[in-house]
Novice: 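The structure's right below; bear with me while I get my questions together.
In what follows, every heavy atom counts, from backbone to side chain, and hydrogens, waters and symmetry copies are set aside.
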Amino acid sequence: MAVTMSSQETYTNPVYNANFPDPFVVQDGGTFYVYGTQRNGQGFQVMSSKNLVDWTVLDPVGKPSWSHNQMWAPEVYKHDGKWYFFFSALNPTTNKRDLAVSVGDGPLGPFHDLAVLVPGVSENSGPSQDGAIDATLYFEDGKTYLLYIREAAPRALKIVELAPDFSKTVGEAKDLLHADRKIEQGILDAPTLIKRDGTYWLFFSGGWFQSWKKDANYRVWYATSSSLMGPYKKAAKPLIEGKKDLVYSPGHQTIFELPSGEWWIAYHGWDAEGDPMYGHNKHGRTLRIDRLTWTAKGPHVDGPSVTPRVRPVVSRGQ
């Protein structure tokens, strides 16, 4: 039940206290959907909500015909009347993660294979682990760009143009960022790109997503540029980081603006019951949301929150 604070309803994180990694939020009419990394090999997790706080678990969606393993980090977009489901999954032939897209008629599908956009193969006879993960889209000047992560060291955040029908990439991919700071521990995840007031804000997560409490360091960061193709300069301080004995390794964000004009960030995080790793924490990476505000110095999130906060105002006049 919601409580009242200053005549406004509140919520308390996590908004879904079970394992829901890599959340992505999209709105269709008056309903929000949040998609997450796979559920038991049957497809990707999905839930619905009217207010971003109270969620209903739905049947899994988006399982590709060619894989049932390591189905990670889905993002879903409505485009020209169709719904496109971007994800990565383990290719059983190459044993590497491919980045692919499926298409359907609604936010719950059913989704049908469209294309493998970035196969998980070595680009330069480098390390054996060279998958492609964590797709996101950015739209500008009538073009669509795919941002994603190449796993092989040095881990890279890349950008490439997509064909208008989303069935293939166009041209060569360009590196925008590398995991080149010690605190990132060689990990670069979850790109989100937003342009605001002439500045490109490239959000990402870095560090160990699971570890012992003593060295848990997965965080949400951002970098800025005056040009889509960079160069990007990483901020000195993270947007969100863990709070000892409360929340560990918060990250893999999705950032979105509501029709009301409010900005919010959804992400996953571990609670303090056990260590932040599978087999040590019964809840897993739970779903959390916090308000994001834009200041003169850039984005700010007063989180990860664990105490009551004012609920999202979903629409104007609410």
Side-chain angles (χ1 to χ4, degrees), residues 1-2 9 11-79 81-90 99-114 133-137 166 190 192 250-259 264-271 278 281-290 311-312 314-315 318:
M1 178 180 295
E9 288 189 333
Y11 75 96
T12 302
N13 276 318
V15 292
Y16 179 63
N17 196 27
N19 193 49
F20 202 92
D22 311 332
F24 181 76
V25 176
V26 67
Q27 184 176 6
D28 182 39
T31 302
F32 294 94
Y33 296 94
V34 62
Y35 304 83
T37 278
Q38 75 177 74
R39 180 193 300 168
N40 299 327
Q42 299 303 308
F44 295 84
Q45 296 191 79
V46 61
M47 300 189 293
S48 65
S49 174
K50 297 295 186 181
N51 57 18
L52 295 169
V53 173
D54 304 302
W55 292 96
T56 299
V57 177
L58 306 176
D59 291 337
V61 299
K63 181 185 179 301
S65 66
W66 48 271
S67 178
H68 64 274
N69 197 10
Q70 298 182 25
M71 296 180 287
W72 293 354
E75 294 205 3
V76 183
Y77 297 84
K78 186 177 183 180
H79 180 71
K82 295 288 186 179
W83 289 80
Y84 292 86
F85 194 100
F86 293 81
F87 63 94
S88 62
L90 191 69
L99 193 154
V101 60
S102 301
V103 61
D105 292 325
L108 299 177
F111 295 100
H112 306 286
D113 299 343
L114 179 60
I133 61 172
D134 292 4
T136 193
L137 299 189
F166 294 176
T192 303
H252 203 109
Q253 75 297 325
T254 175
I255 296 172
F256 51 95
E257 184 180 13
L258 298 177
W264 284 79
I265 180 171
Y267 58 96
H268 65 231
W270 303 87
D271 66 21
Y278 289 107
N281 184 297
K282 69 178 183 180
H283 295 114
R285 292 177 283 172
T286 56
L287 175 62
R288 300 158 186 270
I289 63 170
D290 275 305
R311 285 187 176 214
V314 172
S315 60
Q318 181 179 339

Novice: So, for Phe24 and Phe256, is the gap between ring centers shorter than 6.0 Å?
Specialist: no
Novice: Flag yes if more than 12 heavy atoms outside His68 fall under 6.0 Å of its NE2 atom; otherwise flag no.
Specialist: no
Novice: Is a side-chain N or O of Gln45 found less than 3.5 angstrom from the main chain of Gly36, in a donor-acceptor match?
Specialist: no
Novice: So do Asp290 and Asn13 actually touch side chain to side chain, heavy atoms under 4.5 Å?
Specialist: yes
Novice: Got a second to check how far Arg288's CZ is from Ile265's CD1, nearest 0.5 Å?
Specialist: 13.0 Å
Novice: Any heavy-atom pair between the side chains of Pro259 and Gln27 that's under 4.5 Å?
Specialist: yes
Novice: Hey, does Tyr16 have a side-chain heavy atom less than 4.5 Å from the side chain of Val34?
Specialist: no
Novice: Is there a side-chain contact between Leu58 and Thr56 (heavy atoms, below 4.5 Å)?
Specialist: yes
Novice: For a side-chain contact (heavy atoms from CB on, under 4.5 Å) check, start with the C-alpha distance between Phe166 and Lys82, then their side-chain angles and the critical distance, and finish with the verdict.
Specialist: CA-CA 11 Å; Phe166 294 176; Lys82 295 288 186 179; over 6 Å; no
Novice: I'd like to know whether CG of Asn17 has more than 12 heavy-atom contacts from other residues, nucleotides or ligands below 6.0 angstrom.
Specialist: yes
Novice: Less than 4.5 Å apart, side chain to side chain, heavy atoms only: is that true for Pro107 and Lys78?
Specialist: no
Novice: How far does CG of Asp113 sit from OG of Ser102, to the nearest 0.5 angstrom?
Specialist: 5.0 Å
Novice: Do Thr31 side-chain atoms and Lys50 backbone N/O form a donor-acceptor pair below 3.5 Å?
Specialist: no
Novice: May I ask you to test the Thr254-Thr192 pair for a side-chain heavy-atom distance under 4.5 Å?
Specialist: no
Novice: Does the side chain of Leu137 come within less than 4.5 Å of Tyr84's, by heavy atoms?
Specialist: no
Novice: Evaluate Val76 against Val61 for side-chain contact (heavy atoms from CB on, under 4.5 Å), listing each step before the verdict.
Specialist: CA-CA 11 Å; Val76 183; Val61 299; over 6 Å; no
Novice: For the pair Val46 and Phe44, evaluate side-chain contact (heavy atoms from CB on, under 4.5 Å) and give the outcome as yes or no after the intermediate values.
Specialist: CA-CA 6 Å; Val46 61; Phe44 295 84; over 6 Å; no
Novice: Assert yes or no for the condition that the ring centre distance of Tyr35 to Phe87 is strictly below 6.0 Å.
Specialist: no
Novice: Does the Tyr11 side chain pair with the main chain of Ile289, one donor and one acceptor, at a distance under 3.5 Å?
Specialist: yes
Novice: Which heavy atom in Pro23 sits nearest to a heavy atom in His252, and how many Å separate them?
Specialist: CD-O, 3.5 Å
Novice: Restricting to non-hydrogen atoms, name the atom on Lys63 and the atom on Gln42 that form the minimum distance, rounded to 0.1 Å.
Specialist: CB-O, 3.7 Å
Novice: On a heavy-atom basis, which atom in Tyr267 and which in Gln253 lie closest, and how many Å separate them?
Specialist: CB-CA, 4.2 Å
Novice: Quick one: list whatever passes side-chain contact (heavy atoms from CB on, under 4.5 Å) with Asn51, sequence neighbours left out.
Specialist: Ser49, Val53, Asp54, Arg311
Novice: Where does the angle between the aromatic ring planes of Phe111 and Phe85 fall among parallel (under 30°), tilted (30 to 60°) and perpendicular (over 60°)?
Specialist: tilted
Novice: For a quick test of reading the model, state the closest non-hydrogen atom pair linking Ile133 to Ser88 and the distance between them.
Specialist: CG2-OG, 3.7 Å
Novice: I'd like to know whether Phe32 forms a side-chain contact (heavy atoms from CB on, under 4.5 Å) with Val314, so could you lay out the CA-CA distance, the side-chain angles of the two residues, the decisive distance to 0.1 Å, and finally the verdict.
Specialist: CA-CA 10 Å; Phe32 294 94; Val314 172; 3.6 Å; yes
Novice: I need the single residue from Asp22, Asn19, Thr286 that forms a side chain to side chain contact (heavy atoms under 4.5 Å, CB included) with His268. Which is it?
Specialist: Asp22
Novice: So, for Trp264 and Pro312, which heavy atoms are closest and what is the spacing to 0.1 Å?
Specialist: CZ2-CA, 3.4 Å
Novice: Mind listing the closest non-hydrogen atom pair of Ala89 and Pro64 along with its distance?
Specialist: CB-CG, 4.5 Å
